[in-house]
Amino acid sequence: MNTHCRVRIKICGIIRLADALCAVEAGVDGLGFIFAAKSPRTITPETAKAIIDLLPPLVDAVGVFVDEEPGQVAAIVRECGINIIQLHGAESPAYCRKLASLVAHCKLLKAIRVGERTTAADVAPYDAVVHAFLLDTYQKNVVGGTGQTFDWTLIDRLNLTKPFLLAGGLDATNIGEALTRVNPYGVDANSGLEDAPGHKNHGHIRRFIAAVRTFEAEFLSGWR
């Protein structure tokens, strides 16, 4: 288990206030808001801001962007009150550096789509500029939300030196195995908690978060 013991939980694809509040009540650490027009879970800055304004302190608002112009990202971040930026496209290290100069108050999270051809050389150039990685499932021509897990044994060969969140097809039925095998800093769930794109199932949310916290309690009990 990660050295912080407490696994950070992010739920992505939030488009409804009721879903956000359910996740907050259940103990989520961060909520993801997707600003990508092609996503079935895209949200307008106006709607995102209305939800974020009602979040309590210490719940992170994560803005998810896909190959968006840096100035536009910075504008949305300031408008909505976002404090973490997740880059889920083909953004280069140079892009990340430029964006970091525009939004110095935000932490950068770079998504890496992990497949058989993903190597440490794909990840290393980002080490100096991003704060953490999000490891998602590689699927050709799909940038996220596949609902599929990937081969977690591929993570070791990436030689990660920064914290990472595990994503890709996670739900209450497989999160225990994921935490046992992968030891991530955090986890990110989306489609596995939904009835339809963007419409979260509140029972799934509660069970997912409870499963993570149960794993933590069992781990700490065994460690002591």
Side-chain angles (χ1 to χ4, degrees), residues 8 10-15 20 29-53 55 57-115 117-146 158 160-168 184-186 188 190 197-198:
R8 272 56 178 183
K10 171 177 171 274
I11 293 179
C12 202
I14 294 295
I15 63 172
D29 296 292
L31 296 173
F33 302 87
I34 300 175
F35 301 99
K38 293 183 179 180
S39 171
R41 302 169 184 85
T42 189
I43 191 170
T44 65
E46 295 77 14
T47 301
K49 182 181 188 304
I51 295 173
I52 292 168
D53 283 348
L55 297 181
L58 303 183
V59 174
D60 290 316
V62 184
V64 182
F65 299 89
V66 179
D67 299 320
E68 182 61 80
E69 193 276 322
Q72 179 67 5
V73 173
I76 292 173
V77 163
R78 295 189 187 102
E79 177 183 350
C80 297
I82 287 164
N83 62 313
I84 297 177
I85 297 172
Q86 178 179 321
L87 300 173
H88 217 98
E91 299 89 357
S92 67
Y95 173 103
C96 294
R97 282 191 289 272
K98 180 176 181 179
L99 181 60
S101 71
L102 297 176
V103 286
H105 68 288
C106 285
K107 294 186 182 297
L108 297 186
L109 182 65
K110 181 68 181 81
I112 303 293
R113 295 189 297 151
V114 182
R117 297 184 179 182
T118 311
T119 68
D122 298 318
V123 179
Y126 293 95
D127 278 345
V129 64
V130 304
H131 296 84
F133 294 100
L134 181 141
L135 305 184
D136 204 353
T137 303
Y138 174 82
Q139 186 171 318
K140 189 176 181 180
N141 299 324
V142 178
V143 296
T146 66
L158 301 181
L160 298 172
T161 62
K162 292 288 182 70
F164 71 89
L165 276 68
L166 181 67
Y185 175 81
D188 182 13
N190 189 347

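Every value quoted in this text rests on a predicted model; they were computed, and no experiment measured them. What you see below is based on every heavy atom in this structure, not just the backbone, and it leaves out hydrogens, waters and symmetry mates.
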Show your working on side chain to side chain contact (heavy atoms under 4.5 Å, CB included) between Val62 and Asp188 and close with a plain yes or no. CA-CA 11 Å; Val62 184; Asp188 182 13; over 6 Å; no
Residues Pro163 and His131: closest non-hydrogen pair is CD-O, 3.6 Å
Under 3.5 Å, side chain of Lys162 to main-chain N/O of Asp127, donor-acceptor pair present? yes
Phe33 and Ile51: side chain to side chain contact (heavy atoms under 4.5 Å, CB included), yes or no, with the steps? CA-CA 10 Å; Phe33 302 87; Ile51 295 173; 3.9 Å; yes
Say you draw a straight line from CG of Asn83 to NE2 of His105; how long is it, rounded to the nearest 0.5 Å? 7.5 Å
Looking at Lys98, Glu68, Glu91, which hits side chain to side chain contact (heavy atoms under 4.5 Å, CB included) with Val73? Glu68
Phe133 pairs by side chain to side chain contact (heavy atoms under 4.5 Å, CB included) with which of Leu166, Val123, Thr161? Val123
So which heavy atom on Val64 is nearest to which on Cys12, and how close? CG2-SG, 3.8 Å
Heavy-atom closest contact (Ile84 atom, Ile82 atom, distance): O-CG2, 3.1 Å
Testing the basics here: between Ile15 and Thr42, what is the closest heavy-atom pair and its distance to 0.1 Å? CG2-O, 3.8 Å
Could you give the distance from CG (Leu99) to CD1 (Ile85), rounded to the nearest 0.5 Å? 4.5 Å
What pair of heavy atoms forms the shortest contact from Asp67 to Ala90, and how long is it? OD1-N, 2.7 Å
Distance in Å, Asn190 CG paired with Arg41 CZ, rounded so as to fall on 0.5 Å steps: 4.5 Å
For the residue pair Phe65 and Phe35, does the interplanar ring angle fall in the parallel (under 30°), tilted (30 to 60°) or perpendicular (over 60°) class? parallel
Would you say the side chain of Pro93 lies within less than 4.5 Å of the side chain of Arg97, judging by non-hydrogen atoms? yes
Pro45 to Ile76 - nearest heavy-atom pair and separation: CG-CG1, 4.1 Å
Apply salt bridge (charged side-chain N to carboxylate O under 4.0 Å, His left out) to Asp29 and list each qualifying residue two or more places apart in sequence or on a separate chain. Arg6, Arg213
Flag, side chain of Asp122 to backbone of Thr119, donor-acceptor distance under 3.5 Å: yes
Test side chain to side chain contact (heavy atoms under 4.5 Å, CB included) applied to Leu31 and Ile52, Asp60, Leu55, the passing residue: Leu55
Can you find a heavy atom in the side chain of Val130 that is under 4.5 Å from one in the side chain of Leu87? no
I want to check something: taking the side chain as every heavy atom from C-beta on, are Ile14 and Ile43 in contact at a cut-off of under 4.5 Å? no
